[in-house]
Amino acid sequence: MLLFAANLLDGFREVLTLQNLLLAGAGVTLGTLVGVLPGIGPALTIALLLPITFNFDDPTGAFILFAGIYAGGMYGGSTTSILLNTPGESASVATAIEGFQMARRGRARPALATAAIGSFVAGTIGIVALTLIAEPVAEFAVRFRAEDYFMLTLLAFASVTALTSRSLIRGYAALALGLLIGFVGIDQLTGQSRLTFGVDQLGNGIDIVIVAVGLFAVGEALHMASRLRGGHDDEIIQPDEGHWMTRDDWRRSWKPWLRGAGIGFPFGALPAGGAEVPTFLSYATERQLTKHPDEFGEGAIEGVAGPEAANNASFSGTLVPLLTLGLPTSATAAIMLAAFQIFNLQPGPELFERNSDLVWTLIASLYVGNVMLLLLNLPLIRVWVKVLEIPRPLLYAGILVFATLGVYSISGSTTEVLVMFAIGVLGFFMRRYDFPIAPVILGVILGPLMEVQARRALVGSGEDLGVFVGRPLTVILLLLAIAAFIVPNLPALSGWRRERAAAADED
Amino acid sequence: MNVSWTRPRIAGVVLLAMGVVALIATAAIPSARYGWSITGPRFAPLLASGLLILLAAAFLLRTWWRPDPEFAEHVSREMAETHWPTPGMLLALLIGYVFSLELLGYALATTIFVWLAAWLLGSDKPVRDVIVGLALGVVAGYAFGEWLNVQLPTGPWGV
């Protein structure tokens, strides 16, 4: 029982070196920056930084940086939702509902404060929970065989697709596209080249960086380009006046923070993932429990405190399946999995055995990053408002320069950059026709893994499909995957999913 | 509600075509030993392209049978707000940028790209854009060469 404490202490010793503190600081600052800017999120940022970290001697530093970006992106996203009413990510949509109303009524500072402090409180609770359950889950996961991993992947596909799509047809079509992109290149087991259409550069497959940068950066830039001409400048509310939080604000905030953490972490930790559901669940809960129902819709502080806390706690939750099972449940987590693969690390039970220092340093860095974020956010709010004021044309020109640079620097060839642009065009049209992006990313990264696991299981069983129903654990996972596929189709839930997706789409 | 289904139908046909192309490419995977067996290299792409074809067909079907008016409205709203030449020109500019990298060198190509892209996206401050582009090109080129050992193309004048 005390082992984890000793491990964590070692992790802290490692993090509290100058280099790692600087990386954590750089990560959370960069994360907040891109979280604040509408249109670029942590997934794109980490994808762009992947090529740079190829040159790191020690993967630990890279993961400290990435975890900082992921966490910072959430803090930054709430600032934009509150001051600009354009949520950077779907997980911030719930925050925007009440947060923007508070800001319009001159209560921007209390809204920002309850979001930041709530993120800190819930983030810390989430990280403590991660510290406590990561190792036991990893130990349990030792029993998982190839067929179980196959089922887990199936479960992740079903749940992420259901959570991110308004229509399941479009969601699964996006997943199928991602799978096909993922299968391009040399087959890992037989060495045959697949779906390369005779292009030599595609032999090594289409790198996840190319797909993520194409879909997020180029797709988003083309989308902006199609609208800028009819452009409207959004008004930014300046958070200059008033108290941060009054005694009354504190009194009304602390329970939603704790409840948000309680809702957010378990949802993130389930291999069903995503931060969208827990934030909306938290919002609905606070709306039910509030003593000020009249204020909801017009700027109730509980409606900011709860969802923002749930958002951050679910981030720590997401790391549980990512680290212990190698199962990403969001686009950002999928890119982080790609980062592990670049360093030849396979998240899962073995990671805890072989690279235990890396895992615990990463977890310790989350504690440190969370404190940094609190210190960084409120005092520097004017800086973040300035960031929001960067002119859009220049911002998108810059994003495209970095996108091109990132892909060009890993491949050194124009072919890959052109493939990235083509995927960007695909992303542009996917936006118009309301196809979700997250299933594509998940398909690219998990598709080949799932295929290898399935083939391994089948080779091991002599091509007997019974291997997928052979053990109770496998059957349970299969049933969960089937449930994740069926449940969102139930009439009662499909209406709710529509509403939520509609709210998430108001940008 | 009278909404146009033409564009969603075109999208559905394109999606279907992508699935068929993927299926043909799957059949072309050399797999003498395994054929179409479930442990061979063709099986997974077969499933994925089959899935895409089925879903594209379902997507098309739903433009006639039990259509979703919200979706059609979403698409026509997107189309109404779209100014097609701008993203088209931006894409052309991007392609030109990639090919000009080796011709002009990283710094100069980036400067020109940022200037033109910002102008295309509605900026009316060309001097500022050129300065930002130049700074970006020089700093990124230097940083990548110096710290990351990635040599970006230098063009005829060494920057």
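Order of the sequence lines fixes the chain letters, A, B, ..., with proteins taken first and strands second; residue numbering starts at 1 for each chain.
Both the backbone and the side chain of B:V75 come within contact range of chain A, with heavy atoms under 4.5 Å apart. Both the backbone and the side chain of A:V401 have a heavy atom closer than 4.5 Å to some heavy atom of chain B. Using a 4.5 Å cut-off between heavy atoms, A:S409 touches chain B through backbone and side chain atoms alike. In this structure, chain A has a heavy atom under 4.5 Å from the side chain of B:Y97, while its backbone stays farther away. Contacts of B:L136 with chain A are made by side-chain atoms alone, with heavy-atom separations under 4.5 Å and no backbone atom involved. The part of B:L15 that comes within reach of chain A is its side chain, from C-beta onward, which places non-hydrogen atoms under 4.5 angstrom from that chain. Both the backbone and the side chain of A:E463 come within contact range of chain B, each with at least one heavy atom under 4.5 Å from a heavy atom of that chain. If you measure heavy-atom distances from A:S193 to chain B, the contacts under 4.5 Å come from the backbone alone. Proximity to chain B is limited to the side chain of A:F183, based on heavy atoms less than 4.5 angstrom apart. Heavy atoms of A:I399 lying under 4.5 Å from chain B are absent altogether. Within the 4.5 angstrom heavy-atom criterion, no atom of A:L395 approaches chain B. Contacts between A:T190 and chain B at a heavy-atom distance below 4.5 Å involve the side chain alone, from C-beta outward. Only the side chain of B:F113 has a heavy atom closer than 4.5 Å to any heavy atom of chain A. With a threshold of 4.5 angstrom between heavy atoms, A:R456 does not approach chain B through any atom at all. Proximity to chain B is absent for every atom of A:V184, based on heavy atoms less than 4.5 angstrom apart. Using a 4.5 Å cut-off between heavy atoms, A:L458 contacts chain B through both its backbone and its side chain.
Side chain of B:R42 to backbone of B:I29: a donor-acceptor contact under 3.5 angstrom is found. A distance-only check finds a donor-acceptor pair linking the side chain of A:S167 to the backbone of A:R170 [under 3.5 Å].
For the pair A:R227 and B:W84, the cation-pi criterion (under 6.0 Å, within 45° of the ring axis) is not fulfilled. A cation-pi arrangement is absent between A:R392 and A:Y396 under the rule of less than 6.0 angstrom and at most 45 degrees off the ring axis. For the pair B:R128 and B:W115, the NZ or CZ position fails the cation-pi test of under 6.0 Å to the six-membered ring centre and within 45 degrees of the ring normal. Taking the ring centre of A:F150 as origin, the terminal cationic atom of A:R455 falls outside the region bounded by 6.0 Å and 45° from the ring axis.
Between the side chains of A:E416 and A:S413, at least one donor-acceptor pair of N or O atoms lies under 3.5 Å.
Looking only at heavy-atom pairs under 4.5 Å with chain B, the residue among A:L405, A:V218, A:L400 that has the most is A:L405. The residue among B:A58, B:A11, B:P30 with the most heavy atom pairs within less than 4.5 Å of chain A is B:P30. Annotation: maximal heavy-atom pairing with chain A below 4.5 Å, among B:I95, B:D129, B:I38, B:L51, occurs at B:I38. For the set A:L179, A:L394, A:L195, A:D187, the entry with the most heavy-atom pairs within less than 4.5 Å of chain B is A:L394. Ranking A:E451, A:M450, A:Q188, A:R432 against chain B, the residue ahead of the rest is A:R432, based on heavy-atom pairs under 4.5 Å. Highest contact tally toward chain A, considering only B:S123, B:A25, B:A56, B:A44, is held by B:A44 [criterion: heavy-atom pairs under 4.5 Å].
Among all heavy-atom pairs drawn from A:L215 and A:R431, the shortest one is O-NH1, 3.5 Å.
When side chains are defined from C-beta on, B:V20 counts as touching B:I53, because their heavy atoms get closer than 4.5 Å.
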Passes side-chain contact (heavy atoms from CB on, under 4.5 Å), A:F485 versus A:Y172? Steps please. CA-CA 11 Å; A:F485 180 75; A:Y172 282 103; 3.1 Å; yes
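A salt bridge does not link B:R62 to B:D68: none of the charged side-chain nitrogens sits closer than 4.0 Å to a carboxylate oxygen.
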